[in-house]
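Sequence lines set the chain letters: A, B, ... in the order given, protein chains first and strands last, and positions in each chain run from 1.
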Amino acid sequence: QQQVKQSPQSLIVQKGGISIINCAYENTAFDYFPWYQQFPGKGPALLIAIRPDVSEKKEGRFTISFNKSAKQFSLHIMDSQPGDSATYFCAPAANQAGTALIFGKGTTLSVSS
Amino acid sequence: DGGITQSPKYLFRKEGQNVTLSCEQNLNHDAMYWYRQDPGQGLRLIYYSQIVNDFQKGDIAEGYSVSREKKESFPLTVTSAQKNPTAFYLCASTEFIGNTEAFFGQGTRLTVV
């Protein structure tokens, strides 16, 4: 299976601070780079995703930065809020037959008020 | 509303007993997946299916079985061969195998009693 390495494993940020989560991958065929957000006891849901034709995408306080040469992409949460406290997963994917959907191990974010 | 329905939300299994977790989707998606989530382990892939009557083993398939007789249904059986089945189980679907958004159910929490 393709390797996906997510860091850090956990993150504590003060309210109003910036949260940064990184995802490194090996498969150069990946062409879809999403971040999923999961609250305790719930299933994950897509937060934001990027295609490789752009290097950055912003939706409100959430930004994805993509570095094709380094084979990594990052999630930036600006003005972090207690409601952002959740687990975040990256799951890069490719349009390749036979490939399954593989997730990073997750980052648990706690935003203190 | 379109989505994925998992049932039951909570399930208790006795030692040596097989149990089946239900997953139904009305999104008309071709691909469906089962994941196991343990604290600090992220989402680990058990089985996935690209199309009806076809499925593939994931990273931790031992002690589990699946079927895909209908497009909308992908039940997971946890057999007595699975020695440590206590976990949170998540079902997901995508329109096709590849670079597209994954939709998740709300999960089933299985506990061995």
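When heavy atoms are compared at a cutoff of 4.5 Å, A:Pro34 does not approach chain B at all. Contact of B:Leu90 with chain A is made through the side chain alone, with heavy-atom distances under 4.5 Å. With a 4.5 Å cut-off on non-hydrogen atoms, A:Phe33 does not touch chain B at all. Using a 4.5 Å cut-off between heavy atoms, B:Thr100 contacts chain A through its backbone alone, with no side-chain atom that close. Residue B:Gln106 touches chain A through both its backbone and its side chain, counting heavy-atom pairs closer than 4.5 Å. Neither the backbone nor the side chain of B:Gln6 comes within contact range of chain A; no heavy atoms are under 4.5 Å apart. Only the side chain of B:Tyr35 comes within contact range of chain A, with heavy atoms under 4.5 Å apart. Contacts between A:Gln38 and chain B at a heavy-atom distance below 4.5 Å involve the side chain alone, from C-beta outward.
Remark: A:Glu56 does not engage A:Lys58 in a salt bridge, criterion side-chain N to carboxylate O under 4.0 Å. Taking 4.0 Å as the cut-off between side-chain N and carboxylate O, B:Arg68 and B:Asp54 do not count as a salt-bridged pair.
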*Between B:Asp38 and B:Arg44, is a salt bridge (charged side-chain N to carboxylate O under 4.0 Å, His left out) present by the stated rule, with each step listed?*
CA-CA 9 Å; B:Asp38 297 281; B:Arg44 293 188 290 169; 2.8 Å; yes
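Residues A:His76 and A:Ser65 meet the side-chain proximity criterion, which asks for heavy atoms closer than 4.5 Å.
Legend: residues meeting ring-ring contact (aromatic ring centres under 6.0 Å, His included) with A:Tyr88, ordered by chain and number and at least two apart, are absent.
The number of heavy-atom neighbours closer than 6.0 Å to NZ of B:Lys71, taken from other residues, nucleotides and ligands shown, is above 12.
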